[in-house]
Asker: 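First the structure, which I've put down as structure tokens, then a few questions once you've had a look.
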Amino acid sequence: SSMLLSASSTRAITAQIAARRMIAPARSPLLDSRRAVERCEKFHERSYSTTATLYEGMKDEYGAMDDSGHTYEYDKDFVLENGQILPHAQLRYQTYGELNPARDNVVVVCHALTGNASLHSWWGGLLGPDLAFDTSKYFVVCCNILGSCYGSTGPMSINSATQKPYGLEFPDVSVKDTVRLQLLMLQNDLKINSVKCVIGGSFGGMQALEYAVQGGSSVHADFFDADGNPYIRSVIPIACGAAHTAWQIAISEVQRQAIYHDPQWKIDPTKATSGLNVARQMGMVSYRTPQGYISKFGRRMKKVEGDETTNSESQPAYGSSAQWQVKSYLEYQGEKFLSRFDSLTYIKMTEQMDSHDIARGRAETTDQVLDTVKIPALVMGIDSDVLYPLAEQEHMAEHLANSEFKVIHGDDGHDGFLLEQGQVGGHITDFLKRCH
């Protein structure tokens, strides 16, 4: 059932979350080449992983996160796929590199479930001159997903009708809605004539595939360039499928149930932090692999402060007091997540992922829709991914008429699309060189 949050509690929570995310003023979306190079050089001076040194062997997928960027506001009521209205929907985005005179050297990069528009924070190893997202050649755009908490309109945004945060009243947004608003931003705000390529992994891959349908399908497209050609000229979906399956919905649902069962959820959902903590820990297990966890943690215990050995005889070898390293790692990840995300947004974002189905409203099967996409496509999957198995990417590659398929090898599981940047970047670079 829906619930209105008190004005005082929502203002307080909103202020806390804003402070944690280090909100920065919006910058101009068009960066000159010199500034782009300087920024990318600074990104590469930083260590990619920000995880505490205790866990440096299990690489972290995100760097420092904030909601900085430029803001696009749709100038009328944005009608969602389900008919609900989102007045003056906003998107936060960042750009890197310089737009060419033809306004068509554009590469759009889509983020995953808990990412943001700051591409340098999570795929920084691919961003910069002579890298996959080559800022000396391309104008790179990254947009925060509609419904997220990094600057785009979401559950913690103010509802103009009530002058209070939406909270649980935030409408149900689909992947189709998110991509359509991004396409409108590219056309209306940045005045992009066409997009060279859209790239994304996981939730970002779902967006990339939706871009391919809305801007590259011979039957279902709504966006074209001035000559009537596909607005999206190529696409790279990574580690996703053509529709969210029962397996993926189930994994999202148990995470939501952890939040629902937090006692605070029925009192003030914004304070259901214990449930969100556990939900994140569940996610961290599903994103990785048995091999990854075994090689990093084994059956080792956490070091006790002042104890020179890892497996001290004074520590319990098993039971509720056992200090497993893997337990400590998950608790650390869950607690850290609370500083950059909130429970309401997590519920709505996982529900949006579950909406992913390119066939809905278009055809009886995803195969029929994929068959209509003729633009060049590079589909990538990860051989150790248990969340989005390779069979799903193979299926897409079989039905996308002008596609190729590459496998990312490693023990990082689903997060390999973020962590195996050498392999991913190499395939992207090669593909972009061959696309017009």
Side-chain angles (χ1 to χ4, degrees), residues 2 61-62 80-82 110-116 122 144-150 152 154-156 167-168 170-179 200-210 237-262 265 269-270 272-289 330 333-334 337-338 340-360 366 381-382 385-393 396 413-418:
S2 296
E61 70 271 30
Y62 289 108
L80 301 173
E81 181 185 354
N82 61 11
C110 304
H111 72 73
L113 175 63
T114 67
N116 64 358
W122 44 272
N144 185 225
I145 295 172
L146 180 63
S148 182
C149 54
Y150 289 110
S152 295
M156 299 305 292
L168 288 169
F170 189 72
D172 296 326
V173 174
S174 69
V175 180
K176 186 183 293 186
D177 294 324
T178 282
V179 170
S202 190
F203 197 166
M206 300 173 208
Q207 293 170 73
L209 194 59
E210 185 64 41
I238 309 169
C240 68
H244 231 217
T245 66
W247 167 247
Q248 291 135 12
I249 294 170
I251 291 173
S252 294
E253 183 58 30
V254 293
Q255 294 178 59
R256 290 191 289 264
Q257 288 294 332
I259 296 172
Y260 298 151
H261 282 76
D262 186 316
W265 178 257
T270 63
T273 54
S274 294
L276 179 60
N277 184 318
V278 174
R280 178 60 170 176
Q281 293 184 46
M282 291 178 180
M284 293 302 295
V285 174
S286 70
Y287 301 151
R288 301 302 177 95
T289 64
L330 292 172
Q333 290 292 344
F337 189 59
L338 303 182
R340 69 178 190 88
F341 230 79
D342 64 88
S343 54
L344 284 166
T345 301
Y346 199 79
I347 292 289
K348 286 295 186 179
M349 288 287 283
T350 56
E351 289 176 343
Q352 185 177 162
M353 275 204 310
D354 291 346
S355 79
H356 175 55
D357 181 359
I358 62 169
R360 187 179 58 253
T366 58
I382 303 157
D385 193 342
V386 297
L387 187 54
Y388 296 88
L390 274 179
E392 296 186 34
Q393 293 90 56
M396 288 195 299
H414 183 61
D415 271 351
F417 80 93
L418 290 170

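We use all heavy atoms of the structure for the numbers below, so side chains are in, but hydrogens, waters and symmetry mates are not.
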Asker: Decide yes or no for E210 and I358: does some side-chain heavy atom of the first lie under 4.5 Å from some side-chain heavy atom of the second?
Answerer: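 A side-chain contact exists here, since the closest heavy-atom pair is under 4.5 Å.
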
Asker: Under 3.5 Å, is there a donor-acceptor pair between the side chain of W122 and the main chain of N116?
Answerer: yes

Asker: I'd like to check T273 versus F337 (side-chain heavy atoms, cut-off strictly below 4.5 Å). Are they in contact?
Answerer: no

Asker: With sequence neighbours excluded, what pairs up with E253 under the side chain to side chain contact (heavy atoms under 4.5 Å, CB included) test?
Answerer: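 For E253 the side chain to side chain contact (heavy atoms under 4.5 Å, CB included) partners, ignoring immediate neighbours, are R256, Q257, Y260.
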
Asker: Within the structure provided, determine whether I347 and W265 are in side-chain contact (heavy-atom separation under 4.5 Å).
Answerer: yes

Asker: Without swapping roles, check the side chain of D415 against the backbone of L418 for a donor-acceptor pair under 3.5 Å.
Answerer: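 Between the backbone of L418 and the side chain of D415 there is no qualifying donor-acceptor contact (under 3.5 Å).
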
Asker: Taking E81's backbone N and O only, do any of them form a donor-acceptor pair with D177's side chain (distance below 3.5 Å, no angle check)?
Answerer: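 At least one qualifying donor-acceptor pair exists.
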
Asker: Quick check for you: to the nearest 0.5 Å, what is the distance between F341 atom CZ and M349 atom CE?
Answerer: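 Rounded to the nearest 0.5 Å, the CZ-CE separation comes to 5.0 Å.
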
Asker: Treating T289 as the side-chain partner and G413 as the backbone partner, does any N or O pair qualify as donor plus acceptor under 3.5 Å?
Answerer: no

Asker: Run the ring pair (Phe, Tyr, Trp, His ring centres under 6.0 Å) test against H356 and tell me which residues pass, sequence neighbours left out.
Answerer: none

Asker: The test is side-chain contact (heavy atoms from CB on, under 4.5 Å); show your working for Y287 and L113 and say whether it passes.
Answerer: CA-CA 12 Å; Y287 301 151; L113 175 63; 3.7 Å; yes

Asker: How close do L276 and S343 get, counting heavy atoms only, and between which atoms?
Answerer: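 Of all heavy-atom pairs spanning L276 and S343, the closest is CD2-N, 3.7 Å.
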
Asker: As a quick check of understanding, evaluate side-chain contact (heavy atoms from CB on, under 4.5 Å) for Y150 and T345, giving each step before the final call.
Answerer: CA-CA 10 Å; Y150 289 110; T345 301; over 6 Å; no

Asker: Provide the closest heavy-atom pair for A112 versus G201 in the form atom of the first, atom of the second, distance.
Answerer: CB-O, 3.8 Å

Asker: Can you sort out the partners of S286 under side chain to side chain contact (heavy atoms under 4.5 Å, CB included), two or more places apart, ordered by chain and number?
Answerer: I251, L387

Asker: Identify the two heavy atoms, one from C240 and one from G205, that lie closest to each other, and give their separation to 0.1 Å.
Answerer: SG-C, 3.4 Å

Asker: Could you pull out all residues at least two apart from D172 that satisfy side chain to side chain contact (heavy atoms under 4.5 Å, CB included)?
Answerer: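 With neighbours one apart ignored, the set is N82, Q84, K348, E351.
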
Asker: Suppose we screen for ring pair (Phe, Tyr, Trp, His ring centres under 6.0 Å). Which residues come up paired with Y388, at least two apart in sequence or across chains?
Answerer: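 If we apply the ring pair (Phe, Tyr, Trp, His ring centres under 6.0 Å) test to Y388, skipping adjacent residues, the hits are H244, H414.
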
Asker: Between R340 (side chain) and T114 (backbone), is there a donor-acceptor pair under 3.5 Å?
Answerer: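 Yes, because the side chain of R340 sits within donor-acceptor range (under 3.5 Å) of the backbone of T114.
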
Asker: Less than 3.5 Å apart, any donor N or O on the side chain of T245 or Q248 sitting next to an acceptor on the other?
Answerer: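 Indeed, the side chains of T245 and Q248 share at least one donor-acceptor pair under 3.5 Å.
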
Asker: Closer than 3.5 angstrom, by distance alone: can the side chain of Q207 be matched with the main-chain N or O of H111 as a donor-acceptor pair?
Answerer: yes

Asker: Determine, step by step, whether L168 and L344 satisfy the side-chain contact (heavy atoms from CB on, under 4.5 Å) criterion, reporting the C-alpha distance in whole Å, the side-chain angles of both residues, the deciding distance to 0.1 Å, and the verdict.
Answerer: CA-CA 7 Å; L168 288 169; L344 284 166; 3.5 Å; yes

Asker: Drop me the distance from S174's OG to D354's CG, to the nearest 0.5 angstrom.
Answerer: 12.0 Å

Asker: Who pairs with S152 by side chain to side chain contact (heavy atoms under 4.5 Å, CB included), at least two apart in sequence or on another chain?
Answerer: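 Partners of S152 by the side chain to side chain contact (heavy atoms under 4.5 Å, CB included) criterion, ordered by chain and then number, come out as L91, R92, N144.
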
Asker: Measuring only between side-chain heavy atoms, which start at C-beta, is D357 closer than 4.5 Å to T366?
Answerer: yes

Asker: Evaluate the side-chain proximity of D342 to T270: yes if any heavy-atom separation is below 4.5 Å, no if none is.
Answerer: no

Asker: Could you state the interatomic distance from SG (C110) to CD1 (I145), rounded to the nearest 0.5 Å?
Answerer: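 The CD1 atom of I145 is 7.5 Å from SG of C110, to the nearest 0.5 Å.
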
Asker: For residues W247 and V386, report the shortest heavy-atom separation together with the two atoms involved.
Answerer: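 Of all heavy-atom pairs spanning W247 and V386, the closest is NE1-O, 3.0 Å.
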
Asker: Assess the side chains of S274 and N277: does a donor N or O sit below 3.5 Å from an acceptor N or O?
Answerer: no

Asker: Identify the heavy atoms of A258 and M282 that sit nearest to each other, and give their distance.
Answerer: CB-CE, 4.1 Å

Asker: Can you see which heavy atom on A243 is nearest to which on E392, and at what distance?
Answerer: O-OE1, 4.4 Å

Asker: For the CG atom of L80 and the CG atom of L146, what is their distance to the nearest 0.5 Å?
Answerer: 7.0 Å

Asker: Quick check for you: to the nearest 0.5 Å, what is the distance between Y346 atom OH and R280 atom CZ?
Answerer: 6.5 Å

Asker: Please round to the nearest 0.5 Å and tell me the distance separating atom CD1 of I382 and atom CD of Q393.
Answerer: 7.5 Å

Asker: Starting from the C-alpha separation in whole Å, work towards a yes-or-no answer on side-chain hydrogen bond (donor to acceptor under 3.5 Å, both in side chains) for Q352 and S355.
Answerer: CA-CA 5 Å; Q352 185 177 162; S355 79; 5.9 Å; no

